[in-house]
Q: 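Supplied in structure tokens, the structure appears directly below.
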Amino acid sequence: MTFLAANRIANLQPSDIRLMTRECERVGGINLGQGLGDLPAPALVRDGAIKAIQDGLNTYTPSEGVPPLRQAIAGKLKRDNGLEVDADSQIVISGGTTGAFAATLAALLNPGDGILLMEPYYGYHLNTILLNGLEPQFLTLTPPNFALDEAALRAALKPNTRAIVVCTPSNPSGKLFNAAELAIIERVAEQHNLLVISDEIYEYITYDNVPHISPASVGNLAKRTVSIMGFSKTFSITGWRLGYAVADPALAQAINLVNDLLYVCAPSPLQYGAAAGLQAPPEYFQQLRAQYQRKRDIICSGLHEAGLTPLVPQGAYYVLADIARFGYPTAKAAALAILEQTGVASIPGSSFYQSAAGEGLIRFCFAKDDATLHEAVKRLSQFRP
Ligand code: PLP
């Protein structure tokens, strides 16, 4: 008997990220493709989790997460995001931001519903949309600013559009949505009764004092917004799988129902570690920003000198480089040629677009130690198209 894969995965789009990692390993190169940060986890977070294990906090937790973590998140939302939420009814801790996003889609949208992604988009958003039988719809934002235009947003909506995804700061562009753009989203979402799903996993990684604004803090958006946040990037604990959704109680209840089915709960002792981390002083967050800003500056000036024009990001830890003028037929051909010649791996821009707009771009991740970044830009400076 032969088994065929289920229809729901038939349209999933495999990413070139794995291909580039494989090719990078083959040539023994520097992998600036995949987004793996390698900063150490803060002692506060690590010791909080160790203590929880020593204290025997190893069993299932409530599906929405342990009270101390939800209370710490409510405090952080008030302090840093301008959001007043009830820790008991509005926060759902999940298996990473990824888990919170997946539970949100399954809980709040029906198969066949349209959901708008702004491209360049994060590949997991698209694939999770496809997995849930939703119809992805696209609005292309254009470099260098990736500005959101109200008329273009309205034109991208279809009669079945029920939701819009906002990723701020964005992976891969590093764009931060400003107050005027979020006001556009509020107007359009109100008029068309859209759910807004904001992925803010990079909220603490922002540059040049550009503020991160949580969409839910704008006008009346809170009631129709699911804010999705996490600890992977803030505490450099990508392997801990801890994130959360924040929403109106009725929405949070539905998300929690699915969260329970998919994950039962997030890992118990690690939740206590994250709760301890949220008590970190403001200097921790300032240093995190400063460290990544230094890395951003190393890579952007190196790319500039190498003629791989960087689209300087305002946040997150990726930079898109404009390689259109080199005339490669595809971004994949360009990324492979750069890897072959310099030993530095990037990701083809086509991984982040449906339209052809990504063919002139490649993405570098700069969540690496400074020495690796210096070596990478030295190698890239030798690139001859
Ligand atoms: N959202 C975005 C935009 C990301 O870039 C990433 C990781 O690269 C994630 C979510 C994954 O987050 P988590 O580790 O919390 O699942």
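We count ligands from 1, going down the list as the structure has it; atoms in each ligand are counted the same way.
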Q: Atom 12 (O) of ligand 1: which protein heavy atom is closest, and how many Å away?
A: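 The closest one turns out to be I201 CD1, 3.0 Å.
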Q: Out of Y317, Y124, F101, Y122, whose heavy atom sits nearest atom 9 (C) of ligand 1?
A: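 Among Y317, Y124, F101, Y122, the closest heavy atom to atom 9 (C) of ligand 1 comes from Y122.
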Q: Quick check on Y202 - does any of its heavy atoms sit under 4.0 Å from an atom of ligand 1?
A: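 Contact present.
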Q: Would you indicate whether K332, at its atom NZ, is surrounded by more than 12 heavy atoms from other residues, nucleotides or ligands within a distance under 6.0 Å?
A: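 Atom NZ in K332 is not packed in, count stays at 12 or less.
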Q: Report the part of T97 (side chain from C-beta onward, or backbone N, CA, C, O) that has a heavy atom under 4.0 Å from ligand 1; answer both or neither where that applies.
A: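 The answer is both, backbone and side chain.
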Q: Relative to ligand 1, is A316 under 4.0 angstrom through side chain, backbone, both or neither, heavy atoms considered?
A: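 Neither part.
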Q: Any nitrogen or oxygen of T238, main chain or side chain, under 3.5 Å from a nitrogen or oxygen of ligand 1?
A: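 For ligand 1, there is no N or O atom that lies under 3.5 Å from one belonging to T238.
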Q: Check this for me, if you would: do R22 and E25 make a salt bridge, where the nitrogen-to-carboxylate-oxygen distance has to be below 4.0 angstrom?
A: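 No salt bridge links R22 with E25.
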Q: Taking only non-hydrogen atoms of G96, do any sit less than 4.0 angstrom from ligand 1?
A: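 Heavy atoms of G96 do come under 4.0 Å of ligand 1.
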Q: Indicate, with yes or no, if the rings of Y318 and Y202 have centres closer together than 6.0 Å.
A: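 Close enough - the centres of the two rings lie under 6.0 Å apart.
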Q: Counting only heavy atoms not in R18, do more than 12 sit closer than 6.0 Å to its CZ atom?
A: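 No, CZ of R18 has 12 or fewer neighbouring heavy atoms, counting only those of other groups under 6.0 Å.
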Q: When you measure from the side chain of Q90 to the backbone of D86, do you find a donor-acceptor pair of N or O atoms at a distance under 3.5 Å?
A: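 At least one qualifying donor-acceptor pair exists.
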Q: Using a 4.0 Å heavy-atom cut-off, say whether T98 meets ligand 1 through its side chain, its backbone, both or neither.
A: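 Both the backbone and the side chain of T98 come within reach of ligand 1.
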Q: Which ligand 1 atoms, with their elements, are less than 4.0 angstrom from a heavy-atom of D199?
A: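 It comes down to these atoms of ligand 1: 1 (N), 2 (C), 3 (C), 10 (C).
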Q: Short list, please: which atoms of ligand 1 are under 4.0 Å from a heavy atom of R241?
A: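 Every atom of ligand 1 under 4.0 Å from some heavy atom of R241: 13 (P), 14 (O), 16 (O).
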Q: Would you say the side chains of Y207 and D297 form a donor-acceptor pair under 3.5 Å?
A: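 No donor-acceptor contact under 3.5 Å links the two side chains.
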Q: What residues form a ring-ring contact (aromatic ring centres under 6.0 Å, His included) with H125, not counting sequence neighbours?
A: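 In terms of ring-ring contact (aromatic ring centres under 6.0 Å, His included), with neighbours along the sequence ignored, H125 is linked to F101, Y122.
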Q: Is ligand 1 less than 4.0 angstrom away from at least one heavy atom of G230?
A: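 No heavy atom of G230 comes that close to ligand 1.
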Q: Tell me if the centroids of the rings in F231 and Y244 come within less than 6.0 Å of each other.
A: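 Between F231 and Y244, the centre distance is under 6.0 Å.
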Q: What residue and heavy atom of the protein are closest to atom 7 (C) of ligand 1, and at what distance?
A: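 Looking at atom 7 (C) of ligand 1, the protein heavy atom closest to it is K233 NZ, 3.0 Å.
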Q: Which of the atoms of ligand 1 are close to Y318, meaning less than 4.0 Å from one of its heavy atoms?
A: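 Under 4.0 Å from Y318, ligand 1 has these atoms: 8 (O).
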Q: Mark up the atoms of ligand 1 that fall under 4.0 Å of a heavy atom belonging to C167, in ascending order.
A: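 Selected atoms, number and element: 3 (C).
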Q: For a quick check under 3.5 Å, do S214 and E203 share a side-chain donor-acceptor pair by atom type?
A: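 Note: S214 and E203 side chains miss the donor-acceptor criterion.
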Q: Please report whether ligand 1 has a polar contact with H125, defined as an N or O pair separated by less than 3.5 Å (distance criterion only).
A: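 No, there is no polar N/O contact under 3.5 Å.
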Q: Do you know which two heavy atoms are closest between S350 and E359, and how far apart they sit?
A: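 Looking at all heavy atoms of both residues, the closest pair is CB-OE2, 3.7 Å.
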Q: Give me the nearest non-hydrogen protein atom to atom 14 (O) of ligand 1 as residue plus atom name, then the distance to 0.1 Å.
A: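 Minimum-distance protein heavy atom for atom 14 (O) of ligand 1 reads S232 OG, 2.6 Å.
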